[in-house]
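As structure tokens, the structure follows; a few thoughts come after it.
It should be emphasised that the depicted structure is a prediction, and the values quoted were computed from it without experimental measurement. Here is how names work: the chains are called A, B, and so on, in the same order as the sequence lines, proteins then strands, and each is numbered from 1.
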Protein chains: 2
Amino acid sequence: MNGRAMEGDGRSAAKLELETFLPYRLNVLASIVSQGLSGIYAKRYGIGVPEWRVMATLGQFGAMTAKDIGGHSHMHKTKVSRAVAILEKRQMVQRRANRQDLREAFLSLTDAGRAVYDDLVPVALTFAADLTEGLSRSERAELEALLAKLMKRGLTLLSEHAAGLGDEG
Amino acid sequence: MNGRAMEGDGRSAAKLELETFLPYRLNVLASIVSQGLSGIYAKRYGIGVPEWRVMATLGQFGAMTAKDIGGHSHMHKTKVSRAVAILEKRQMVQRRANRQDLREAFLSLTDAGRAVYDDLVPVALTFAADLTEGLSRSERAELEALLAKLMKRGLTLLSEHAAGLGDEG
DNA sequence: TATTGTTATACTCTATAACTATA
DNA sequence: TATAGTTATAGAGTATAACAATA
């Protein structure tokens, strides 16, 4: 790979190795995994990550408002809105008015959407299982716990640093 | 809502909880972390992730060709090329011709680039340390090992599924 | 006035391929 | 012919703000 000579003679106080640097690793790993999984549902149903997240959320919770979907799946309201519009056009998601508050609506999967969801869930679970194939049961548990801790901590750091903040994809 | 049953051991229905689903978690976590870190060097020096990766690679290895930078930092050659062009324009990176092969050139940090690098490295390391603040030494080691395993496994899965493959950011 | 949700706009990425110059 | 690197182009994705409807 890289047989280049180094001249890292310690001019920098501490050294940073990109390949083991946590933010870099998370980024590369996430993008590899995302590419692998989204490739599957893109190919099967022509949907992207936001649409998948909306379906997964509705599949899990049944009926929700767009705001709740966004809160639960870490997506901005505009992203949710567009994903829902795409899924409605394909008749995978339906909306039912909330008579108590006409600004919002309850969204849910249609029968067709539920069928797609039921088709995709085992594929997604298999994908994740394949990914952790080499890990023991305890390693898997440890991984879950570590990721949960990191996410919580990351959110804390973000909100400390920048008070107002949007979202990501 | 309705626990869909999957084939397998009869006890637990195969449901997918987005918030604990590994690909989702990795994506959200990576984007939180990336947002936090890149916000810092974007604010200080107006550079983005690709530029930062080029600097980190050159800071670590001294002099490299664009191709080797790309291989080491998981970036496509066009992304490396543009990042290098930006860094050259800001006189943070310089190039030296390779007389053995004039198609390529050895890139390295200028003194100014090294100064920026030396400024950013401790900030980046502190950021990563902050992120893992609540973890014990052994948890940190476990995290590193797990991420390395997942990345290797993910790359294997990707290359199995899609023979030709590009890159990510 | 505040909130839910949609739409418009502009901007940034990204992927691809075409291109150059060397080999 | 193949490789290192650059540039062009087009498409996707993103953020922001403006907006409409309702509270």
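As rounded to whole Å, 13 Å separates atom P of C:dA23 from atom CZ of B:R99. Rounded to an integer number of Å, the gap from CD of B:E51 to P of C:dT12 is 12 Å. Rounded to whole angstrom, the span from the CG atom of B:D68 across to the C1' atom of D:dA4 amounts to 11 Å. At whole-Å resolution of the value, CE in A:M75 and P in C:dT6 are 13 Å apart. In this entry the distance linking CH2 of A:W52 with P of D:dG13 reads 17 Å, nearest Å. Look at CD on B:Q35: it is 12 Å from P on D:dT14, rounded to the nearest Å. The distance between atom CG of B:N27 and atom P of D:dT14, rounded to the nearest whole Å, is 10 Å. The separation between A:K77 atom NZ and C:dT6 atom P is 10 Å, rounded to whole Å.
Using a 4.0 Å cut-off between charged nitrogen and carboxylate oxygen, B:E17 and B:K15 count as a salt-bridge pair.
For the OP1/OP2 pair of D:dT14 and a distance below 4.0 Å, the side-chain nitrogens and oxygens of A:K79 include at least one atom meeting the criterion. Phosphate contact (OP1/OP2 of D:dA4, side-chain N/O of B:K67, threshold under 4.0 Å): present.
Ring-plane geometry between A:H72 and A:F61 is classed as perpendicular, the angle between the planes exceeding 60 degrees on a 0 to 90 degree scale with a lower cut at 30.
For A:R82 and D:dA12, a side-chain-to-base donor-acceptor distance below 3.5 Å is absent, hydrogens and geometry of angles not being considered.
Side-chain atoms of A:L102 lie closest to D:dA23 of the nucleotides D:dA23, C:dT22, D:dT6.
Between B:R103 and A:D101, the residue anchored closer to the 5' end of DNA chain D is B:R103, taking for each the nucleotide with the nearest heavy atom.
Within 6.0 Å of the CD atom in B:E144, the count of heavy atoms belonging to other residues, nucleotides or ligands exceeds 12.
When heavy atoms are screened at a 4.0 angstrom cut-off, A:T78 is found touching base atoms of the nucleic acid. Nucleic acid contact for A:A105: sugar-phosphate only, since backbone atoms but no base atoms lie under 4.0 Å from a heavy atom of the residue.
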Exercise. Walk me through it: do B:K67 and B:E104 pass the test salt bridge (Lys or Arg N to Asp or Glu O under 4.0 Å)?
Key: CA-CA 8 Å; B:K67 185 182 185 184; B:E104 64 183 20; over 6 Å; no
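Of the candidates A:T57, A:D68, A:I69, A:I69 is the only one forming a side chain to side chain contact (heavy atoms under 4.5 Å, CB included) with A:L107.
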